[in-house]
Amino acid sequence: MNKKQIVVEKDKKLVSLLQDYGFSFADVNKMLRNKDVRVNGKATKENISVFEGDEVVFYFSDDMLAKKADIIYEDDDVYVVYKAAGIESEGEKGLESVLDGAIAVHRLDRNTEGVMVFAKNQQSALKLESAFKKHLVEKRYVAEVVGRFDVKEKKFDAFLLKDAQTSYVKIFESKTKGAVPISTIVKTLKAGNESSLVEIGLVTGKTHQIRAHLAFLGHPIIGDGKYGKNEDNKKFQQSRQKLGCFRLKFDFVGIEGLNFKTFEKKPKWFV
């Protein structure tokens with residue numbers, strides 16, 4: 001069993017609190033049934049209210065952990081995992097905490113699944129942060145997008161403007177005040193009349209770049225509630241974006257277990 005101890009920051013119901021940490025409604029209720037949740041030292045089976053300052057300790061099984069992060073590779077320096085959609089990369093509610101103090105050196109959006117690397121110590125974190133800055137780690141993504149998008153492999157250039165207050169970005173074809181240049185590489189894997197599977201590479205890696213850029217090109221990611229269209233998502237019956245980072249390829253990064261290695265895993269929905 002895995003153990004997690006937290007201090008409540010805001011008054012709320014217990015089930016809602018545990019769901020904030022990426023657990024499903026079914027898993028939370030399983031914890032409660034098994035008396036694996038303690039509030040201020042007392043076990044509870046009920047969805048009670050918890051209040052700011054309360055201490056909550058809960059225990060969860062490896063199968064619940066596997067729903068959040070499938071560990072692909074592990075040594076004394078790093079974890080390489082497949083992050084599930086619906087959980088943050090960083091912070092107390094993210095994989096950093098789930099993986100017992102791991103250090104996130106890059107991130108994926110909450111609703112983007114995919115292969116990630118986490119450092120286990122500060123020395124490895126510094127090496128990995130340097131490697132990402134020097135573009136010694138190649139990330140490749142796969143997505144299912146709306147409409148027929150048929151390109152052999154093409155680099156699309158544009159400009160991205162981020163609104164920090166709304167966590168929303170806008171894409172422009174030409175240079176715009178405050179916007180930064182971006183480049184996205186798209187390669188069609190399978191083109192259909194209603195949807196297409198594409199592979200994506202990032203020359204630049206800005207907030208929401210893939211999602212916003214594909215939408216700007218007229219092919220939003222299916223299930224993307226922010227940059228896609230509600231009517232498309234309803235049509236395909238998708239409430240979660242079909243986007244995943246399926247490959248991390250390392251050049252020499254100074255960590256024995258990663259040097260010149262490639263880790264790859266495709267999303268379950270990938271056809």
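Model, not experiment: these values are computed from the prediction. Scope of the values below: all heavy atoms of this structure, side chains included, with no hydrogens, waters or symmetry mates.
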Applying salt bridge (charged side-chain N to carboxylate O under 4.0 Å, His left out) to R247 and E264, what does each step give before you reach the verdict? CA-CA 4 Å; R247 181 193 299 150; E264 186 171 310; 3.0 Å; yes
How long is the span from the CZ atom in F250 to the CG atom in L248, to the nearest 0.5 Å? 5.0 Å
Are Q241 and T112 linked by a side-chain donor-acceptor pair shorter than 3.5 Å? yes
Looking at the rings of Y141 and F246, which for Trp means the six-membered one, are their centres under 6.0 Å apart? no
Carefully, step by step, assess I71 and E74 under the rule side-chain contact (heavy atoms from CB on, under 4.5 Å). CA-CA 7 Å; I71 298 176; E74 179 183 359; 4.1 Å; yes
Between D109 and R107, does the salt bridge (charged side-chain N to carboxylate O under 4.0 Å, His left out) criterion hold? Intermediate values first, please. CA-CA 7 Å; D109 292 342; R107 66 183 298 274; 3.4 Å; yes
Run the ring pair (Phe, Tyr, Trp, His ring centres under 6.0 Å) test against Y227 and tell me which residues pass, sequence neighbours left out. Y168, H208
How about F60 and F23: are their ring centres within less than 6.0 Å of each other? yes
Does the structure place the NZ or CZ of K120 under 6.0 Å from the centre of the six-membered ring of Y79, at an angle of no more than 45° from the ring's axis? yes
Trace of the salt bridge (charged side-chain N to carboxylate O under 4.0 Å, His left out) decision for R211 with D224: CA-CA 8 Å; R211 298 162 61 193; D224 189 341; 2.9 Å; yes
If you apply the rule salt bridge (charged side-chain N to carboxylate O under 4.0 Å, His left out), what do you find for R140 with E199, and how did you get there? CA-CA 7 Å; R140 301 291 286 191; E199 182 178 318; 2.9 Å; yes
Given the rule in the side-chain contact (heavy atoms from CB on, under 4.5 Å) test, do Y82 and I72 qualify, once you have shown the distances and angles that lead to the verdict? CA-CA 7 Å; Y82 193 88; I72 299 170; 4.2 Å; yes
Quick one: do I222 and V145 satisfy side-chain contact (heavy atoms from CB on, under 4.5 Å)? Show the steps, please. CA-CA 5 Å; I222 291 173; V145 300; 5.8 Å; no
Pairing donors with acceptors under 3.5 angstrom, does anything connect the side chains of Q209 and T204? yes
Chi angles and distances behind the side-chain contact (heavy atoms from CB on, under 4.5 Å) call for L126, V105: CA-CA 8 Å; L126 291 172; V105 293; over 6 Å; no
Got a sec: does the CD of E231 have more than 12 other heavy atoms crowding it under 6.0 Å? yes
